[in-house]
Structure formats: C-alpha cells, structure tokens
Amino acid sequence: MTMIRTTASRPRSGSASAFAAARQVARALVAAWTALVNRRQVRRLSELDDYLLADIGLSRADVEDAASLPIYEDPTARLALAARFDAGPTMHPRGRGRPGG
C-alpha cells in the first residue's frame, strides 16, 4: 500500500505567521481609520448648540472630554458612556422612558 502525504492543506509556520502579522496590520489600519472618521464626527458635535447636545444626552464637557482623548483612541466609546450616565435615574436602561410608564 502506498501512502500519499499532502502538505498543501497544512500552512507552513512561516506563511502562517506572515498571514497573522498581515491580519494584525489590517486590523490596526481599520481601527485607525474608524477613529479618524469618528473624530471628525466629534468635531461636528462640538459645533452643535448646548440644547441640541442635551437633547441627545450629552453636554459640552462630554464632547470636549472625548475630543481631548489621545489620537489613537476612538472618542465615540467615551461619548456613548457619557450619554448613558447623563440620562439620569428616570431613564429606562433600554431607552424607553420611565420604568412602568
């Protein structure tokens, strides 16, 4: 009986590590691009009036705080957290108004 061994289905360790490195670089580029786009949106938020910011659950200080983050951090996570905590105790966790109301 003849045994046939195929190596095409098993990646070599060198090519696997190169693929993993390329995937990490791609993820870093996507994260950087996303942070850049989101920073542009934070700049637009800073142009809104205070009453409009309050309408979406943010204050001027929240926007300034998010804009002051280091360039490699995405400011939208900070804004989402601020909007959730600024909503106060009368807001239902799912955003549907008062509990029981």
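Nothing fancy with the numbering, it's 1 onward along the sequence. Remember, predicted model here, so these are calculated numbers, not experimental data.
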Do you know which two heavy atoms are closest between Pro75 and Ala66, and how far apart they sit? CB-O, 3.4 Å
Report yes or no: does Asp74 contribute a side-chain atom to a donor-acceptor pair with the main-chain N or O of Thr76 at less than 3.5 Å? yes
Checking the side chain of Arg40 only, and the main-chain atoms of Ala35 only, is there a donor and an acceptor separated by less than 3.5 Å? no
Shared ILVMFWY cluster between [X] and [Y], side chains joined below 4.5 angstrom?
X     : Y     : value
Val42 : Leu48 : yes
Leu29 : Trp33 : no
Val25 : Val30 : no

Working to the nearest 0.5 angstrom, can you tell me the gap between [X] [atom1] and [Y] [atom2]?
X     : Y     : atom1 : atom2 : result
Glu73 : Ser68 : CD    : OG    : 9.5 Å
Ile71 : Leu36 : CD1   : CG    : 7.0 Å
Arg44 : Arg39 : CZ    : CZ    : 15.5 Å
Leu81 : Asp65 : CG    : CG    : 10.0 Å
Ser46 : Arg60 : OG    : CZ    : 7.0 Å

Give the C-alpha distance, both sets of side-chain angles, the deciding distance and a yes or no for side chain to side chain contact (heavy atoms under 4.5 Å, CB included) between Leu53 and Asp62. CA-CA 9 Å; Leu53 288 173; Asp62 294 332; over 6 Å; no
Under a 4.5 Å cut-off applied to non-hydrogen side-chain atoms, are Val37 and Thr34 in contact? no
